Amino acid sequence: MPSKLRIRVNNRQQTVGAAPDTPLLYVLTNELALRGPRFGCGMQEYVFAPNNPSTFGNVAHLVRKSLTEYEPRVDVLDVQVETPAGEQNKVLIRVDYRIRSTNSYHNLVYPFFVQEGPGE
């Protein structure tokens, strides 16, 4: 159920109606019609990057940084990036996190394709 929330954006107090679990970026873009907020972590720049430890480290850094910056309800415990055996065109991104309000631990694995798949 939407609540009235007061937030300061660009040095102006704003009152918005949003559920408490609504991500801040959704409130900024949908309720306040701001078009400047970034969304995501920018790892699209690695779609055609080499599938190697350097790329993995960069992707892990971007994911951790974005989650830390944009999702204050969780503590990011670990971000692991690896290639599944026999699938050189894909990396798996595993995020281990704790929800602060309940202190419960979870993980999420997201596949990300770094190159176009092999032709059949």
Side-chain angles (χ1 to χ4, degrees):
M1 173 177 250
S3 301
K4 292 291 183 185
L5 303 171
R6 291 181 50 83
I7 60 174
R8 179 178 289 280
V9 178
N10 296 334
N11 284 329
R12 292 192 343 239
Q13 283 288 342
Q14 305 277 347
T15 301
V16 296
D21 61 346
T22 303
L24 178 59
L25 283 175
Y26 293 161
V27 172
L28 294 175
T29 56
N30 298 338
E31 298 291 325
L32 299 178
L34 296 177
R35 300 294 173 231
R38 294 185 337 230
F39 195 84
C41 66
M43 70 181 181
Q44 67 272 11
E45 69 184 77
Y46 293 98
V47 169
F48 296 106
N51 194 349
N52 63 32
S54 177
T55 299
F56 296 173
N58 290 334
V59 168
H61 172 75
L62 288 174
V63 169
R64 179 182 292 277
K65 180 181 175 204
S66 290
L67 287 171
T68 301
E69 184 175 345
Y70 296 125
E71 188 48 83
R73 296 172 292 184
V74 303
D75 291 319
V76 178
L77 304 174
D78 193 21
V79 177
Q80 298 175 7
V81 180
E82 63 183 26
T83 299
E87 297 186 74
Q88 293 302 102
N89 67 323
K90 177 169 54 173
V91 296
L92 297 178
I93 303 167
R94 177 187 170 116
V95 178
D96 295 319
Y97 61 96
R98 179 178 61 233
I99 298 175
R100 290 179 176 179
S101 64
T102 62
N103 206 32
S104 57
Y105 293 85
H106 300 275
N107 65 56
L108 173 70
V109 177
Y110 182 80
F112 181 73
F113 294 90
V114 294
Q115 298 174 348
E116 184 177 328
E120 297 293 326

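Since the model is a prediction, treat every value here as computed from it, not as a measurement.
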Within the 4.5 Å heavy-atom criterion, are Arg6 and Lys4 side-chain neighbours or not? no
Calculate, to the nearest 0.5 Å, the distance between atoms CG and CZ belonging to Asn107 and Arg98 respectively. 14.5 Å
Determine which pairs satisfy ring pair (Phe, Tyr, Trp, His ring centres under 6.0 Å) with at least one residue from residues 74-101, sequence neighbours left out, and list them in order. Tyr97-His106
Roughly how far apart are His61 NE2 and Cys41 SG, rounded to 0.5 Å? 10.0 Å
Shortest non-hydrogen pair, Gln80 vs Asp96, comes out as NE2-OD2, 4.5 Å
Could you work out, with side-chain hydrogen bond (donor to acceptor under 3.5 Å, both in side chains) as the rule, every residue matching Asp21, not counting sequence neighbours? none
Using a 3.5 Å distance criterion without hydrogens, assess whether the side chain of Thr55 forms a donor-acceptor pair with backbone atoms of Pro50. yes
Can you confirm whether more than 12 heavy atoms, excluding those of Arg8, are under 6.0 Å from its CZ atom? yes
Please round to the nearest 0.5 Å and tell me the distance separating atom CG of Leu28 and atom OG1 of Thr22. 11.5 Å
Find out if a path of hydrophobic residues (ILVMFWY) with successive side-chain heavy-atom gaps under 4.5 Å connects Phe48 to Met43. yes
Side-chain heavy-atom pair Ile93, Val79 within 4.5 angstrom cut-off: yes
If hydrophobic clusters are built from ILVMFWY residues whose side chains come within less than 4.5 Å, do Leu77 and Leu92 share one? no
Specify the closest pair of heavy atoms between Pro23 and Arg73, including all atoms of both residues, with the distance to one decimal. CG-NH2, 4.4 Å
Answer whether the closest heavy-atom distance between the side chains of Leu67 and Val95 falls below 4.5 Å. yes
Indicate yes or no: at least one non-hydrogen side-chain atom of Leu32 is less than 4.5 angstrom from one of Ile7. yes
Hey, could you give me the OH/CG distance between Tyr46 and Asn51, rounded to the nearest 0.5 Å? 13.5 Å
Non-neighbouring partners of Arg100 that pass side-chain hydrogen bond (donor to acceptor under 3.5 Å, both in side chains), sequence neighbours left out: Asp75
